[in-house]
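Read the structure below first, then the notes.
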Number of protein chains: 2
Amino acid sequence: MSERDSERSISQTVRAQLALRDMILSGQLRPGERISELQAVEITNVSRTPVRLALVRLEDEGLLQAIPSGGFMVKAFTERDILDSIELRGTLEGLAARFAAERGASARSLEPLKECLADLDQLVRQDPVSVEAFSAYVTMNARFHALLTELSASPPLIRQIDRVSALPFASPSGFVMAQSALPEAHQILLIGQDHHRIVVDAIENREGARAEAIMREHSRLAARNLRLALRNRTHLDLLPALALLQSPAE
Amino acid sequence: MSERDSERSISQTVRAQLALRDMILSGQLRPGERISELQAVEITNVSRTPVRLALVRLEDEGLLQAIPSGGFMVKAFTERDILDSIELRGTLEGLAARFAAERGASARSLEPLKECLADLDQLVRQDPVSVEAFSAYVTMNARFHALLTELSASPPLIRQIDRVSALPFASPSGFVMAQSALPEAHQILLIGQDHHRIVVDAIENREGARAEAIMREHSRLAARNLRLALRNRTHLDLLPALALLQSPAE
DNA sequence: GCGGCCACTAATGTATACAGACTGCACTCA
DNA sequence: TGAGTGCAGTCTGTATACATTAGTGGCCGC
């Protein structure tokens with residue numbers, strides 16, 4: 001698919017949504033800052049109708065918050081909010097893994113997941129891991145989580161996981177890039193990959209409780225990454241999502 | 001227009017949303033049926049702009065589904081979808097209960113929950129339970145679950161639970177009324193109330209795992225109610241939410 | 001000097017007009 | 001007779017004008 005085509009054919013609503021989301025995630029719009037429709041019109045150069053729709057969509061996504069008197073503000077998240085969102089995602093992915101295990105995912109449906117696992121193995125084998133490999137890992141990791149979620153074969157659950165993962169800091173790959181700057185990088189990567197291996201094994205053997213538990217624990221790697229990244233505050237630029245973090249001072 | 005005063009104060013968007021939701025839940029709009037904006041305008045007597053916003057909101061709620069070529073259709077749910085939504089809600093409420101326990105909900109914050117528990121006890125004590133008592137139970141039960149959710153003190157989690165519970169058949173009180181017609185009514189009520197008691201006790205004693213487990217099990221009462229109600233198909237009229245159920249024939 | 005009220009401004013809520021895209025049908029040509 | 005093309009009707013997407021409300025600042029009265 002060509003970039004230009006999609007750029008041109010895309011609706012004004014989506015364009016506005018993308019533009020505003022970028023500005024929020026990049027920190028150009030600060031947490032707590034009020035954003036009026038007219039402002040959004042100025043920024044995006046589309047008229048109020050699609051802008052409004054875009055604002056509503058961003059509210060669902062969780063990036064904006066409606067102000068009772070009308071209008072929206074950029075949502076601010078505490079560190080606790082982020083950690084809770086990660087735990088929440090882990091819980092839901094745990095449920096997805098349990099469903100996959102209990103309902104007997106077929107050998108055929110497990111195949112793509114296993115291929116993905118093998119691809120990840122390739123990437124993880126390097127030591128030290130190149131930045132490119134990290135980047136590839138992020139993509140592959142996202143694919144692994146998506147496949148796992150699909151395996152639950154539960155549309156309502158898939159929907160919820162997608163909603164939670166829409167928040168960049170709650171997504172499965174949200175803090176992987178932060179690792180790349182850490183000394184513990186390779187070790188954490190290996191542990192994460194072991195979790196992947198275990199969950200596939202558990203699903204294959206119909207071990208629902210084990211599959212669920214390991215996915216919960218797996219998500220806590222993201223929490224660990226976040227804490228490490230916040231402690232050595234040097235590499236926060238790798239994490240644009242943290243623009244939404246309420247500064248502790250305020 | 002000179003409508004009633006009470007209806008004039010709320011916005012057209014909300015009015016349209018309520019009207020359309022009622023029609024969907026009451027079955028006047030069938031699952032799978034397409035709703036065009038103009039149709040919605042006809043139905044609600046408001047103009048396209050607020051109607052459109054209402055349709056988008058109902059899509060988020062999960063009652064509608066966007067059609068790729070544009071427009072919306074009423075979402076159809078299988079029995080499995082409904083059961084999964086209940087399990088999902090149970091899982092999230094379980095997480096909320098665990099958070100409440102682990103984070104040490106203060107004695108003060110537990111008080112409203114305990115009062116609610118006592119009120120529910122009063123209602124459950126009757127045998128047989130009057131229809132009015134059932135109705136009061138539904139209200140009180142909703143309050144109990146809302147208080148419990150709040151106790152997690154986790155905005156992201158509260159948000160997700162609210163989203164899931166927005167689907168009427170996934171809400172904590174979704175199938176309580178179905179019970180009232182069942183011979184097992186009183187017994188199920190007593191069991192449910194015992195779950196309530198246990199979760200409060202577990203939170204008080206900081207037993208996170210126990211609090212989580214009991215809330216998961218608690219939600220399965222709703223699943224049981226649903227199955228019973230579907231088996232003796234006599235009292236389905238008590239459950240308007242089931243208008244969204246895909247008929248097995250199709 | 002302080003507090004309350006009124007008026008003005010600006011933003012949101014709503015309606016509608018216009019344009020582009022898609023669907024369905026009919027007609028024509030091979 | 002079948003398939004393709006063109007046209008018409010209708011729908012969604014977008015823009016904009018109008019109405020209404022909330023918020024703010026200044027002025028007047030106590």
Side-chain angles (χ1 to χ4, degrees), chain A residues 1-2 4-24 28-61 63-75, chain B residues 1-24 28-30 32-61 63-75:
Chain A
M1 344 165 180
S2 123
R4 276 165 299 162
D5 277 348
S6 54
E7 281 277 324
R8 210 180 316 164
S9 62
I10 226 168
S11 74
Q12 298 289 77
T13 302
V14 173
R15 197 173 308 171
Q17 194 178 346
L18 291 174
L20 290 170
R21 179 160 48 203
D22 275 355
M23 290 192 69
I24 293 169
Q28 290 175 265
L29 295 168
R30 291 291 187 73
E33 186 174 338
R34 180 169 179 179
I35 174 165
S36 74
E37 280 182 26
L38 296 179
Q39 247 180 298
V41 165
E42 285 265 322
I43 292 170
T44 61
N45 281 319
V46 304
S47 73
R48 279 183 59 211
T49 309
V51 151
R52 186 150 200 192
L53 229 34
L55 290 171
V56 169
R57 290 243 153 86
L58 289 170
E59 184 198 2
D60 298 333
E61 247 180 66
L63 294 178
L64 294 179
Q65 193 168 16
I67 297 173
S69 64
F72 296 90
M73 55 183 282
V74 180
K75 207 155 170 178
Chain B
M1 308 168 209
S2 51
E3 292 286 323
R4 274 160 286 173
D5 282 345
S6 58
E7 295 198 352
R8 206 183 298 167
S9 59
I10 60 176
S11 76
Q12 298 290 76
T13 302
V14 173
R15 197 175 309 171
Q17 196 176 346
L18 292 175
L20 289 170
R21 179 160 48 203
D22 274 355
M23 290 193 67
I24 294 169
Q28 290 174 266
L29 296 169
R30 292 288 187 73
E33 187 174 338
R34 181 171 176 178
I35 300 184
S36 73
E37 282 182 24
L38 296 179
Q39 245 181 299
V41 166
E42 283 263 322
I43 291 170
T44 60
N45 281 319
V46 304
S47 74
R48 279 184 60 211
T49 308
V51 151
R52 187 154 199 184
L53 229 35
L55 289 171
V56 169
R57 292 242 154 86
L58 289 170
E59 184 198 1
D60 299 332
E61 245 178 70
L63 294 179
L64 294 179
Q65 193 167 18
I67 297 174
S69 63
F72 297 89
M73 55 182 279
V74 179
K75 208 156 168 178

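In what follows, chains carry the letters A, B, and so on, assigned in the order in which the sequence lines appear, proteins first and then strands, with residues in each chain numbered from 1.
- Whole-Å rounding puts the B:L64 CG to D:dT12 P distance at 13 Å.
- For the residue pair B:V51 and B:E37, the shortest heavy atom distance occurs at CG1-O, 3.9 Å.
- Dashed line: the shortest gap from a side-chain N or O of B:T13 to OP1 or OP2 of C:dT14 is under 4.0 Å.
- Relative to the side chain of B:E37, the nucleotides C:dT12, D:dT14, D:dT12 differ in distance, and D:dT12 lies closest.
- Between the CE atom of B:M73 and the P atom of D:dC11 there is a distance of 18 Å, given to the nearest Å.
- Residues A:V74 and A:L64 approach most closely at CA-CD2, 3.8 Å, considering heavy atoms.
- Comparing A:T49 and A:F72 against DNA chain C, the residue whose closest nucleotide sits nearer the 5' end is A:F72.
- Note: CG (A:L53) to C1' (D:dA15) measures 14 Å, nearest angstrom.
- Closest to the side chain of A:S11, from the set D:dT14, D:dA15, C:dA15, is D:dT14.
- Atom CD1 of B:I35 is separated from atom C1' of D:dC11 by 15 Å (rounded to the nearest Å).
- Of the listed nucleotides (D:dA22, C:dA15, D:dT14), D:dT14 has the atom at the smallest distance from the side chain of A:S47.
- The distance between atom CG of A:L38 and atom C1' of D:dT16, rounded to the nearest whole Å, is 12 Å.
- Shown here is B:R34, whose CZ atom has more than 12 heavy atoms of other residues, nucleotides or ligands within 6.0 Å.
- For A:R48, counting side-chain heavy atoms from C-beta on, the closest listed nucleotide (D:dA22, C:dC18, D:dC18) is D:dC18.
- In this structure, B:Q17 atom CD and C:dT14 atom C1' are separated by 16 Å, rounded to whole Å.
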- request: Check the pair B:R48, B:L38 against side-chain contact (heavy atoms from CB on, under 4.5 Å), reporting the backbone distance first and the verdict last.
  value: CA-CA 7 Å; B:R48 279 184 60 211; B:L38 296 179; 3.9 Å; yes
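- At whole-Å resolution of the value, CD in B:Q39 and C1' in D:dC11 are 12 Å apart.
- Across all their heavy atoms, B:F72 and B:L55 have their closest contact at CE1-CB, 3.7 Å.
- Atom CD of B:Q12 and atom C1' of D:dA19 are 12 Å apart (whole Å).
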